[in-house]
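One structure below.
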Amino acid sequence: MSSSTTSSSSPSSISSAFSLICILHSIIAITGGALMMFRMKETYTFIHGLDTATKLMGSTPHDQLLIRTSDSFSGLLLFAVGFLIFMVSFVKDREFQSFFAKGCTVLHVFMALWRIYFERRVDVLAWDWMRQTVGDILLAFSWVFFLVYSWREKYD
């Protein structure tokens, strides 16, 4: 009888960990998306410095318009992904949570690999790729933490 009590309390602790990680990732994505849509120049300046931000914003008015449009759509996509992750945080199905966490881990690892193999070759961003790669790895570890936590609860 005690094992059924333990198993009934574990899903709520696993679900709360899943919700917490999802909400954290959602806040990061929504904030990043909103900044990309509405404050890209200030964000570039804050993250990369004034000289790099000027280069990243383009040299001709046509380039600047294309870059701003691209950043706005990318920001809108990131904002939408953050909103979807927020909605996913309320799913209570353990199998879905595990599947979602594995998918997010793979996504963050691929993003880190992208930065290592391609983004570091961009002269303007060459010094910044390491910091962003570390961020991707930390975000992936948050999902790995959830997977280990859920496996521990499942097999205890």
Side-chain angles (χ1 to χ4, degrees), residues 11-150:
S12 68
S13 65
I14 292 172
S15 289
S16 62
F18 180 78
S19 295
L20 181 68
I21 293 170
C22 280
I23 289 173
L24 171 71
H25 284 253
S26 174
I27 289 169
I28 292 168
I30 288 172
T31 303
L35 288 173
M36 285 178 74
M37 285 188 293
F38 302 114
R39 296 286 180 209
M40 200 62 225
K41 184 176 181 180
E42 292 85 355
T43 304
Y44 279 164
T45 303
F46 178 73
I47 293 173
H48 303 291
L50 186 58
D51 294 334
T52 305
T54 304
K55 292 176 186 175
L56 288 173
M57 293 303 293
S59 57
T60 67
H62 184 262
D63 290 347
Q64 291 171 355
L65 180 62
L66 287 174
I67 291 169
R68 281 188 306 215
T69 304
S70 173
D71 285 342
S72 293
F73 280 124
S74 298
L76 181 62
L77 179 64
L78 190 58
F79 187 89
V81 166
F83 188 68
L84 288 172
I85 293 173
F86 177 74
M87 291 191 298
V88 165
S89 71
F90 297 104
V91 174
K92 301 295 181 201
D93 182 17
R94 289 178 77 178
E95 288 183 28
F96 175 79
Q97 290 174 349
S98 177
F99 173 76
F100 188 79
K102 290 172 187 174
C104 288
T105 302
V106 169
L107 180 69
H108 285 296
V109 168
F110 280 141
M111 192 64 207
L113 291 173
W114 170 265
R115 292 187 198 283
I116 291 168
Y117 289 113
F118 298 106
E119 198 170 291
R120 70 183 171 109
R121 294 182 183 162
V122 178
D123 291 336
V124 177
L125 301 175
W127 63 274
D128 199 35
W129 69 272
M130 182 61 83
R131 180 177 56 90
Q132 292 179 343
T133 302
V134 169
D136 290 327
I137 298 298
L138 288 175
L139 290 172
F141 273 134
S142 67
W143 290 113
V144 170
F145 166 75
F146 168 75
L147 289 170
V148 169
Y149 182 72
S150 65

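We're numbering straight along the sequence, starting at 1. Only this structure's heavy atoms are used, side chains among them; waters, hydrogens and symmetry mates stay out.
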Could you measure the distance from the [atom1] atom of [X] to the [atom2] atom of [Y]? Nearest 0.5 Å is fine.
X     : Y     : atom1 : atom2 : answer
Ile28 : Thr31 : CD1   : OG1   : 8.0 Å
Leu35 : Ile47 : CG    : CD1   : 8.0 Å
Leu76 : Asp71 : CG    : CG    : 12.5 Å

- Task: Report yes if the distance between the aromatic ring centroids of Phe118 and Trp129 is under 6.0 Å, otherwise no.
- Result: no

Using every non-hydrogen atom in the two residues, find where [X] and [Y] come nearest and quote the distance to one decimal.
X      : Y      : answer
Ala29  : Leu78  : O-CG, 3.4 Å
Ser142 : Ile21  : O-CD1, 3.3 Å
Lys92  : Ser15  : CD-OG, 3.8 Å
His108 : Ala140 : CB-CB, 3.6 Å
Val88  : Cys22  : CG1-SG, 4.4 Å
Gly82  : Ser26  : O-OG, 2.7 Å

Would you say that [X] contacts [Y] through its side chain, given a criterion of any heavy-atom pair below 4.5 Å between the two side chains?
X      : Y     : answer
Phe79  : Met36 : no
Cys104 : His25 : no
Phe100 : Ile85 : yes
Gln97  : Ser19 : no
Lys102 : Ser98 : yes
Phe18  : Phe90 : no
Thr52  : Tyr44 : no

- Which class fits the ring pair Phe146 and Trp143: parallel under 30°, tilted 30 to 60°, perpendicular over 60°? perpendicular

- Message: Does Phe96 have more than 12 heavy atoms from other residues, nucleotides or ligands lying within 6.0 Å of its CZ?
- Response: yes

- Task: Using salt bridge (charged side-chain N to carboxylate O under 4.0 Å, His left out) as the criterion, list what pairs up with Asp136, not counting sequence neighbours.
- Result: Arg115

Please output the side-chain donor-acceptor pairs of residues 61-70 that fall under 3.5 Å, not counting sequence neighbours, one pair per line with the distance.
| residue | atom | partner | partner atom | Å |
| --- | --- | --- | --- | --- |
| Asp63 | OD2 | Thr60 | OG1 | 3.2 |
| Gln64 | NE2 | Gly58 | O | 3.3 |
| Thr69 | OG1 | Leu65 | O | 2.8 |

- Item | Exam field: side chain Ser150 to backbone Leu147, donor-acceptor pair closer than 3.5 Å | yes

- Determine yes or no for a side-chain-to-main-chain donor-acceptor pair under 3.5 angstrom, with Arg120 supplying the side chain and Ile116 the backbone. yes

